[in-house]
Structures are given as structure tokens and as C-alpha cells.
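This report concerns only the one structure given below.
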Amino acid sequence: MGEDAMKDFISKLKELNLKTITGEMIGDDFCHDEYPGGHYCPEAVVEASSTQEVAELMKLCNEFGIYVTVRGAGTGQSGGSVPVKGGIVLSLKNMNKVLGYENGVLRVQSGVMLQEVKAEAEKNGMYYPPDPGEPTATIGGNAATNAGGPSAVKYGKTRDYILDAVIVLADGSVETLSNQEEFSSVIGSEGALAVITELNLKVIERPGADAILLFPFMEHEDAIAAAKAICNADFAPAVVELLDTDLVEFSAQVTGNPVFPVEMDGERVTATLMVTIEGEDDDDVMEKMEAIAGLAEEGAINCLDILVGDTSTMKREFWDAYSSFHASMESGAKSAFEVNVDVPVDVMTEMISFAKEIAEVNGFKAYIHAHVMSGGMHIHIASDKTREETAASAEAVRSALYAKVNELDGDIAGEYGIGYAKVEYLCDDCRTEFEKKKVKFDPKGILNPGKII
Ligand SMILES: Cc1cc2nc3c(=O)[nH]c(=O)nc-3n(C[C@H](O)[C@H](O)[C@H](O)COP(=O)(O)OP(=O)(O)OC[C@H]3O[C@@H](n4cnc5c(N)ncnc54)[C@H](O)[C@@H]3O)c2cc1C
């Protein structure tokens, strides 16, 4: 765009009277997210506080062909909210109002944080189950990435809790997202098809009681077989997490708080399965735990032991240790990066072995945990050398892992999405499919350019 056209745009933007930040006043936070990639700053940041303001901004940007990158809390791990091609960052953090609750439906603006959605549900005696790892993420960001988390095995992902949503299209028109085709296109489209401004969320009744079981195993294969046995036996576990012992051990060393087993009877445990069982009350949970122990006695679960966490202190300790994996990798390793992907559960063991091998060949070590039945894998690759020293080999590991996921019919988007971090690894069919949607929703290509495709 020429200088005159840009001046014209900025003066029209000022006329809209939106909260706008330009030049040196733009904080560094708007130039990156939690993905350890580059630094890209926008020409201006607009902080909208209503659907109407978003619509006005989009109309103007569409008219001038100005790029708009939507930003929630910027906790994304794939660079999704980073303005890699410049233009405007549209920040929705000020759209943080809870609009109401009625009969199991919570209405919120999209900048409300996940932790507030959960608290608001609880205040109304209800439960919002999706639990992607970052509580300060916005619900709009969760919807735009269809965020999951450990409870997805029983409760599903964010998409499963959105009854309808208000969206603003690239040309500034406002729609209610209820038609199924639009719904499945926009939710999970990482801000590249539309801006989500308000959501009606389904909340449910919380189960009466729960307990956590830990099953240590000698082989990953046995842990995954056990996960399948527990799910197939209709216990409907709320969480089925595979914790690789290398990760458990590394994290325990960083936090100084060993919680998950590393050794049993002098032998190294290879992995632990962390399973949450829910029920109507404590008796119901106890009955289910006894039935699961029965499966182990019959040999359907080939574990070394079963450890029970049924007090609130124990459960909190398990969750605290689990929640510290990510931060431990970041603070404990000289350089570390994460590859987050989904693979079918039947090939998860193959993916684990591949990740460990390819990491080692390139001078790294792989530390893994996985949401077993929903296929989500968090593969942390770490080294005791610096990021600069390992840059080339890190790229070799990254591309080998994404190629393997495509070969195994997995999904490289995983939970974190494609953003700009994974664009070059997207499979050709996936790219073609998304391009068709992009042309339909955003013909001028102004929304979140440089992402997904
Ligand atoms: C420690 C840690 C743990 C994490 N664990 C998980 C996990 O377990 N599971 C998981 O899924 N994610 C996880 N994440 C990633 C991140 O929290 C999620 O992707 C989250 O959904 C992003 O929300 P956000 O508000 O920060 O969005 P941002 O990072 O600001 O944006 C993410 C993407 O969504 C788009 N977007 C944001 N808001 C809107 C909107 N209203 N309308 C349209 N597009 C929008 C952006 O353009 C961008 O493409 C984790 C992150 C951290 C830092």
C-alpha cells in the first residue's frame, strides 16, 4: 500500500474512535506469543470492546485491504496471534464481559479468560469441562484453536461446548454462527476465517466424586493397551494421560518435588498412566476402582502396581506435578522446544519410539506426555546446548516429526494449531481444503495472513 493510502487509512481509523495504539506505544507483547519464534510488530493495535467496534474496524480494513491479526491472550504456542505480515493486531482482551447465565447456558464475550468461564460456571453450580493447560487464555482463543486438554477423552474439546457464537466476517458483516457447515469451518480456524466476538457455552453438572489412579508400566505398549482396556470397559475415565518416565524424572528434578513413580522394586518404570475416575459419589468411585483393579488381576492391565489418589491433597499434588511439565522443560533445559500433534492411538507407541530415536540421532532427548485416547501428544525436545548451537538439528527433528505424523495419518495441528510455526509442514490436501474456505470467507485474504496456509 502506498504512503498516501496508508495515511488515508490511519485518518479514517482515528475517525472510528476505537482504542488504538501506534508507533512506540505498541508494547513488545503484541509482537510475539508463547511460540519461541520471531518478533513481528504490527503497525497499530486496536483494542475493541464490542462486536460493533470489531465490525467497524473490519469494514474499514476490508475496504483498504489492511491485514488484521486477531489476538486473545497471546498464549498460543504456534505463533497464531503474531502479525507476521504487519498490519493491525485486533486485541479482544477488553471484550471480557460475562453477559449472563440461564438454564445451563453461559453467555460471554470472547475475551473472557478460561479460568473465569470455569469460575462463572461454578458460581452457578455448574461445570465447564474443557481444560487446555493455560487458564489465562481467552475463551475466544480456545474456540479459535478448538483447544482440548486432558479431559477431552470424556468431555470433548471446546467446540463441543459452543452452542452458538457471534462472528464478524472479513467484510465487517455480523453473523450468528449456528449453521453446521459455518460452525465447523470457523471454530478451530485460528482467526483466519472470522473474528469470534461472543459465545453461548454449554455448562454441565459436575460429577459428585472422583479419584486419580496411577498405573506404572515397563512398556509404553502396555500403558496404551491398559488405556484402551479401561475405556472399552465403560468406566468413562475423565482423564487418561500417558506420562513418559524421562519427562516425569526431568520435571521432578527441576521442581524438587517427585510425585510420579520412576522406579519400582529397583526397576525403572517406562511410563505411568494417570487416570481419573468419576462417579455419583465416593461409593460409586470406589466400586469402579475395584472393578479396574479386577482388570489388572485378570491380566487385562499389565501394570507394576496401582497407586490411588483419593484425597484432595493427593489429587492436587498429582495435578500440580502434571501442570509443571511444560514450565520445567522451559526452565530446566538449556534449549527446548515442543512439537504438539495428534496421532491415532494405535500408532502412538510407534510415534513415541520414533520421537525418541530421531531426537537422539540429532543430539537431543525427547520428553513426552500424551492424552492417550484422543491422540494428543506433547513431545518436548531438549538439549544441554544453546538454541543457537542446536538450531539446524532442531529443524531436522521438527520436520522429521511432522513428516512422520503425516505418514501416520495424524494431524500436525494438534491442540496448538498451525499458526505460522507449522505452515510449511501442512499436508497438500489439508492446504487445498483450507484454501477453499479462505476464498469463501475472506476473499481479500486480510484475516491472519501467513497462518495455516
Ligand atoms: C503453558 C501452556 C500450556 C498450554 N496447554 C494447552 C493445552 O493443553 N491445550 C491447548 O489446546 N492449548 C494449550 N496451550 C496453548 C494456548 O493456551 C491455546 O492455544 C489457547 O486456546 C490460546 O488462547 P489465547 O487467548 O491465548 O489465544 P491467542 O494466542 O491470542 O490466539 C490463538 C489463535 O486464535 C486466534 N484468535 C484468538 N482469539 C480469537 C477470536 N476471538 N476470534 C478469532 N480468532 C481468534 C488468533 O488469531 C490465533 O490464531 C497452552 C499454552 C501455554 C502457554
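Just follow the structure's listing: the first ligand is 1, and inside any ligand the first atom is 1.
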Considering only non-hydrogen protein atoms, determine which one is nearest to [atom] and report residue, atom name and distance to 0.1 Å.
| atom | result |
| --- | --- |
| atom 34 (O) of ligand 1 | Ala144 CB, 3.3 Å |
| atom 22 (C) of ligand 1 | Thr75 OG1, 3.5 Å |
| atom 49 (O) of ligand 1 | Glu190 O, 3.0 Å |
| atom 46 (C) of ligand 1 | Val70 O, 3.1 Å |
| atom 31 (O) of ligand 1 | Ser81 CB, 3.8 Å |
| atom 52 (C) of ligand 1 | Gln77 NE2, 3.1 Å |
| atom 24 (P) of ligand 1 | Ala73 N, 3.5 Å |
| atom 3 (C) of ligand 1 | Gly133 C, 3.9 Å |

Do any N or O atoms from the side chain of [X] and from the backbone of [Y] form a donor-acceptor pair under 3.5 angstrom?
| X | Y | result |
| --- | --- | --- |
| Asn142 | Thr158 | no |
| Asn340 | Met377 | yes |
| Ser251 | Leu247 | no |
| Lys422 | Ser78 | no |
| Ser323 | Asp320 | no |
| Asp131 | Ser151 | yes |
| Asn94 | Ala48 | no |

Distance filter under 4.0 Å to [X] heavy atoms, resulting ligand 1 atoms:
| X | result |
| --- | --- |
| Glu34 | 53 (C) |
| Ala147 | 11 (O), 21 (O) |
| Gly80 | 47 (O), 48 (C), 49 (O) |
| Arg71 | 30 (O) |
| Gly72 | 25 (O), 28 (P), 30 (O), 37 (C), 38 (N) |
| Ala194 | 43 (C) |
| Pro132 | 7 (C), 8 (O), 9 (N), 10 (C), 11 (O) |

Non-hydrogen atoms of [X] versus ligand 1: any pair closer than 4.0 Å?
| X | value |
| --- | --- |
| Lys451 | no |
| Thr145 | yes |
| Asp33 | no |
| Gly148 | yes |
| Ser189 | no |

Of Tyr35, Phe325, Tyr416, the residue with the heavy atom nearest atom 13 (C) of ligand 1 is Tyr416
Among Met95, Glu330, Glu134, the residue with a heavy atom nearest to atom 50 (C) of ligand 1 is Glu134
Can the positive tip of Lys202 be found less than 6.0 Å from the middle of the six-membered ring of Tyr161, inside 45° of the ring normal? yes
Using a strict threshold of under 4.0 Å (side-chain N to carboxylate O), is an ion pair present between Lys19 and Glu53?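 Salt bridge flag = no for Lys19 with Glu53.
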Using a heavy-atom cut-off of under 4.0 Å, does the side chain or the backbone of [X] touch ligand 1, or both, or neither?
| X | answer |
| --- | --- |
| Ser110 | side chain |
| Glu415 | both |
| Asn448 | side chain |

Heavy atoms of Ile196 and Ala143 approach each other most closely as CD1-CB, 3.9 Å
- prompt: Should the pair His380 and His378 be assigned to parallel (<30°), tilted (30 to 60°) or perpendicular (>60°) ring geometry?
  reply: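 Parallel: the ring planes of His380 and His378 meet at under 30°.
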### Query
Mind checking whether Tyr367 and Phe325 have ring centres under 6.0 Å apart?
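Judged by ring-centre distance (under 6.0 Å), Tyr367 and Phe325 do not meet the cut-off.
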Are Tyr40 and Tyr420, when compared by the centres of their aromatic rings, separated by less than 6.0 Å?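 Distance test on ring centres: under 6.0 Å, yes.
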(Q) Taking side-chain hydrogen bond (donor to acceptor under 3.5 Å, both in side chains) as the criterion, tell me which of Glu34, Gln77, His369, Glu134 meets it with His326. (A)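 For His326, the side-chain hydrogen bond (donor to acceptor under 3.5 Å, both in side chains) check succeeds only for Gln77.
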